[in-house]
2 protein chains.
Amino acid sequence: MLPANIEIRDYLAGLIKQSRLKQNERLPSERELVEQFKSTRITVRDALSKLESEGLIYRSNRRGWFVSPPRLEYDPSSRVNFYLLAEQQQRTPATELISQKRIKGPQTARTALAVAADEKLIELVRLRSLDGRPVLYEFIYLQESRFPELMKKDLEGSLTTLMQRDYNVEITHEDNRICVSAVYDQVADALSHINGAPCLEIRRIRYEGERKAVEFDIEHWVHSAIELRIPSH
Amino acid sequence: MLPANIEIRDYLAGLIKQSRLKQNERLPSERELVEQFKSTRITVRDALSKLESEGLIYRSNRRGWFVSPPRLEYDPSSRVNFYLLAEQQQRTPATELISQKRIKGPQTARTALAVAADEKLIELVRLRSLDGRPVLYEFIYLQESRFPELMKKDLEGSLTTLMQRDYNVEITHEDNRICVSAVYDQVADALSHINGAPCLEIRRIRYEGERKAVEFDIEHWVHSAIELRIPSH
DNA sequence: CAGTGGTCTAGACCACGAT
DNA sequence: TCGTGGTCTAGACCACTGG
């Protein structure tokens, strides 16, 4: 005899795998599932959380639970930009610039970029979406001195292209660190997640030349929206 | 006014970050926390789940909650074996061979290895630990024809070394796919996790020569135990 | 406005781990 | 055997979304 939470999970997972529920379709409401399975919301929500962990469904704040579309395949080493990547996979990308500031920034960013004690950093915060669903909340830190007048430019497109065209930056290599983490507060809100939901976190340092770091990013991906692909030779 | 679950989370996160609770130390029991915060187990467990998602704590089945040690840094492209990797980071590794079988295997493995319809695969299932804590449950699929007598050998050490030494296999490249997934049943049990807990999943195809796939792995990592490091040039 | 999920109360029984 | 977490019952109120 399976526990009720697993039974509910299996039932919904079956519907999704048989495509009886299509991608981005809303699931029955929690209360409907409670009735259907003669169970309680605690148990139903437990089942839904499991499906969310697996990446089969996602939530949209207080609107309901939805079937996840296929994951975006992303090779961090390829340096293909977000727009191109999305379009190659028949998805519609969008970017919203949440904020741009001159600030001291977090210590991790200052260390990565090796800035002097009195120098400020430029912080860009962006929210990126696929087919209207927010999937990525990112913090970008740059050295002000290397990018004068940056904040007057269009910051919703590809930063790599902009850096190349307007500042003659050629990225020679980068260092990516990937782990499972959790989102809170404004990140959780923007991604329509609850506080403490798991996410895939990528921290990246980009270099021009052997030791000259020019960019530090922290990316928070909705975990069901992405699959990393790392070829190695 | 913060919700109670966040308040409890913040309190415990504070204890951990100030090292008032040391790595691998047990947290107060759920019922103790209920008393301390005049709350309920639902709320306390909600806070604990959030900390687990963040990787700050882990659970050991029905024994309690414990403070996570630092993550193992792992570069899949480096092909350093597990033992060496662990020892470089002052950790004590161990491997347990759970099972070895000749089976048809899952379709994903058969496709990856491009085996004939009637050929069986060798499946190895292993559990790997750091300092006594299980962190990785892996399924390994190999072509029987390429590895005769394999099942008579020591399968708890480095497979790469064994393949090289006894079968003259030289891995030329590999393809890694990384996503956040969830563990169930025997995987969850072995990792001391509950059904549906998130994990970091790595699927890997290893090649000798341009197109000759010799190994297909599915790794389930306890998500708080690992950080991937991907340098790119 | 009604309906949704987010949070919470105040308990209960069970399986399993440590001793 | 006792304490632990795992699962579950049967509700409640709130904040927010959409029509």
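So you know, we letter chains A, B, ... as the sequences are listed, proteins then strands, and number each from 1.
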Think Arg9(A) forms a cation-pi with Tyr184(B), using NZ or CZ under 6.0 Å from the six-ring centre and within 45 degrees of its axis?
-> yes
Just say parallel, tilted or perpendicular for the rings of His220(A) and Phe139(A), cut-offs at 30° and 60°.
-> perpendicular
Could you check how far CG of Asp189(B) sits from P of dA15(C), rounded to whole Å?
-> 15 Å
Atom CZ of Arg62(A) and atom P of dG5(C): how far apart are they, to the nearest Å?
-> 11 Å
Nearest nucleotide by nearest heavy atom, which residue falls closer to the 5' end of DNA chain D, Ile6(A) or Arg63(A)?
-> Ile6(A)
May I ask you to say what Asp46(B) touches in the nucleic acid, namely base, sugar-phosphate or nothing, with a heavy-atom cut-off under 4.0 Å?
-> nothing
Distance in Å, Glu219(B) CD paired with Glu138(B) CD, rounded so as to fall on 0.5 Å steps = 5.5 Å
Face-on cation placement of Arg204(A) at Phe216(A) ring, 6.0 Å and 45° thresholds = no
Where does the chain A footprint on DNA chain D start and end, counting 5' to 3' with a 4.0 Å heavy-atom cut-off?
-> dT7(D) to dG18(D)
Under 4.0 angstrom, heavy atoms only, what part of the nucleic acid is Arg45(B) near: base, sugar-phosphate, or nothing?
-> base
Please check if any side-chain donor atom of Tyr83(A) sits under 3.5 Å from a side-chain acceptor atom of Thr95(A), or the reverse.
-> yes
Distance-only donor-acceptor check, side chains Asn24(B) and Tyr58(B), under 3.5 Å = yes
Glu156(B)/Arg126(B) salt bridge by N-O under 4.0 Å criterion = no
Counting distance only, does the side-chain N/O of Arg71(B) pair as donor-acceptor with the main-chain N or O of Cys179(A) below 3.5 Å?
-> no
DNA chain C contacts made by residues 26-43 of chain A, counting heavy atoms under 4.0 Å | Ser29(A), Glu30(A), Arg31(A), Arg41(A), Ile42(A)
